[in-house]
Colleague: 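Dropping the structure in here first, questions after.
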Amino acid sequence: MLYHYTFNTMLERIHQFPTPFTSNERVQYVGDCGMIMTFSYEDTTQQEDAWVTPVGLDVLAVHVNLSWLLSGMDSKIEPQTIYPERYQALTAILNKEGITDYFPYSHHALKYIMTGQLDLSSFISSQQTETSKLEQLKSSLLEVGVHPRVIWKYGFAKAFILKEQLSCIEQNVQAIQDSENEWALKKLDLLHRFGP
C-alpha cells in the first residue's frame with residue numbers, strides 16, 4: 001500500500017541519453033513534455049584503458065516550466081508542453097515539407113526548439129520516426145485507461161524501457177493495469193473504512 005501511496009513521479013523520471021561520442025554535434029539534447037536539458041560529453045580518460053571508457057557529463061542548461069516542477073508535488077497537476085509556440089512552428093514547417101509525423105523529444109526536434117536550427121534531412125530519416133519503447137508504452141497505457149505517469153512506479157517497466165528486460169509491451173501494460181486496478185480497489189476500501 002505504501003508503495004503506491006508514497007510514489008512521486010518527479011523522483012522517478014528516467015531519460016535515455018544518447019551513446020557518448022557517436023554524434024558529430026558537441027551539444028546534445030534530452031527532454032520530455034515540460035523539460036529540456038542541453039549537455040555535452042567530456043572524455044575524462046587520463047590514459048587509454050581498453051576496459052573502461054570514462055565519460056563525464058557537462059550539463060549546459062536545464063529548461064523546465066512551472067507545471068513540470070509542480071507536478072512532482074501534486075500528481076493531479078499535468079505538466080504542460082514547454083515552449084508550445086516553438087513546437088507549433090516546428091510542426092508547421094515540417095507539414096509544409098510533407099512530414100506529418102515526428103518524435104517531439106528527439107535530438108533534432110529539441111535542437112530546433114532550443115536553437116531554431118533545423119536540419120530537414122534528419123526528420124526524414126527512419127531513426128527520427130522510430131517511436132521509443134517509452135512512447136509505445138505510454139500510448140498503450142492510455143488506450144487501456146491508465147495514466148502513463150505511473151510507468152516510473154514499476155521497476156520492470158523501467159527495465160523494459162532501457163532494454164534490460166526482454167518482455168513485450170502487452171505484458172508490461174497488463175502488469176501495470178492489474179496493479180493499478182488492485183490499488184484503486186484497496187484505496188476505495190480504505191476510504192470507506194477510515195473516511196476521507
Colleague: Are any non-hydrogen side-chain atoms of Tyr41 and Asp58 less than 4.5 angstrom apart?
Modeller: no
Colleague: After noting the C-alpha distance and the side-chain angles of Ile82 and Met35, does the key distance pass the side chain to side chain contact (heavy atoms under 4.5 Å, CB included) rule?
Modeller: CA-CA 7 Å; Ile82 191 167; Met35 182 278 298; 6.0 Å; no
Colleague: Between Ser40 and Arg26, is there a donor-acceptor pair closer than 3.5 Å when you use the side chain of the first and the backbone of the second?
Modeller: no
Colleague: Return yes if some donor-acceptor pair links the side-chain N/O of Gln171 with the main-chain N/O of Cys168 below 3.5 Å, else return no.
Modeller: yes
Colleague: Hey, what do you get for CG (Leu110) to CZ (Phe103), rounding to the nearest 0.5 Å?
Modeller: 8.0 Å
Colleague: Test side chain to side chain contact (heavy atoms under 4.5 Å, CB included) on Val150 and Ile176 and set out the steps.
Modeller: CA-CA 8 Å; Val150 301; Ile176 292 171; 3.9 Å; yes
Colleague: I'd like to know if the side chain of Ser122 and the backbone of Asp119 have a donor-acceptor N/O pair within less than 3.5 Å.
Modeller: yes
Colleague: Is it the case that one hydrophobic cluster holds both Trp183 and Leu188, taking links as side-chain heavy atoms less than 4.5 Å apart, direct or via other members?
Modeller: no
Colleague: So, do Pro148 and Leu137 sit near enough that their side-chain heavy atoms are less than 4.5 Å apart?
Modeller: no
Colleague: Is there a path of hydrophobic side-chain contacts, each under 4.5 Å between heavy atoms of I, L, V, M, F, W or Y residues, that connects Val146 with Leu185?
Modeller: no
Colleague: Kindly indicate whether the side chain of His147, heavy atoms from C-beta on, has any atom under 4.5 Å from the side chain of Glu180.
Modeller: no
Colleague: In the single-linkage hydrophobic clustering (I, L, V, M, F, W, Y; side-chain heavy atoms under 4.5 Å), do Leu60 and Tyr105 co-cluster?
Modeller: yes
Colleague: Calculate, to the nearest 0.5 Å, the distance between atoms CD1 and CD belonging to Ile93 and Gln88 respectively.
Modeller: 12.0 Å
Colleague: Is there a side-chain contact between Glu42 and Leu57, using heavy atoms and a 4.5 Å cut-off?
Modeller: no
Colleague: So Phe123 and Leu90, do their side chains get closer than 4.5 Å, heavy atoms only?
Modeller: yes
Colleague: Shortest non-hydrogen contact from Val173 to Ser140?
Modeller: CG2-CB, 3.5 Å
Colleague: Please name the residue in the list Tyr154, Phe160, Trp152 that meets the ring-ring contact (aromatic ring centres under 6.0 Å, His included) test with Phe156.
Modeller: Tyr154
Colleague: Would you compute the distance between atom OH of Tyr83 and atom NE2 of His63 and round it to the nearest 0.5 angstrom?
Modeller: 4.5 Å
Colleague: Could you walk me through whether Tyr87 and Thr81 satisfy the side-chain hydrogen bond (donor to acceptor under 3.5 Å, both in side chains) test, starting with their C-alpha distance in whole Å, then the side-chain angles of each, then the deciding distance to 0.1 Å, before giving a yes or no?
Modeller: CA-CA 9 Å; Tyr87 273 107; Thr81 301; over 6 Å; no
Colleague: Nearest 0.5 angstrom please: Leu120 CG to His108 NE2, how far?
Modeller: 11.5 Å
Colleague: Would you name the heavy atoms of Pro79 and Ser71 that are closest together and state the gap between them?
Modeller: CG-OG, 3.6 Å
Colleague: So does Gln117 get a backbone contact from the side chain of Lys111, meaning a donor-acceptor N/O pair under 3.5 Å?
Modeller: no
Colleague: Hey, mind stepping through Tyr29 and Ile113 against side chain to side chain contact (heavy atoms under 4.5 Å, CB included) and telling me if it holds?
Modeller: CA-CA 10 Å; Tyr29 303 86; Ile113 298 304; over 6 Å; no
Colleague: Once rounded to the nearest 0.5 Å, what's the spacing between atom CD of Glu78 and atom CZ of Arg149?
Modeller: 4.5 Å
Colleague: Contact between Thr91 and Thr100 at the side-chain level, heavy atoms closer than 4.5 Å - yes or no?
Modeller: no
Colleague: Applying side chain to side chain contact (heavy atoms under 4.5 Å, CB included) to His107 and Gln28, what does each step give before you reach the verdict?
Modeller: CA-CA 7 Å; His107 168 80; Gln28 300 287 310; 4.0 Å; yes
Colleague: Find the distance between CG (Asn95) and CD1 (Ile99) and round it off to the nearest 0.5 Å.
Modeller: 9.0 Å
Colleague: Decide if the gap between the ring center of Phe17 and the ring center of Phe39 is smaller than 6.0 angstrom.
Modeller: yes
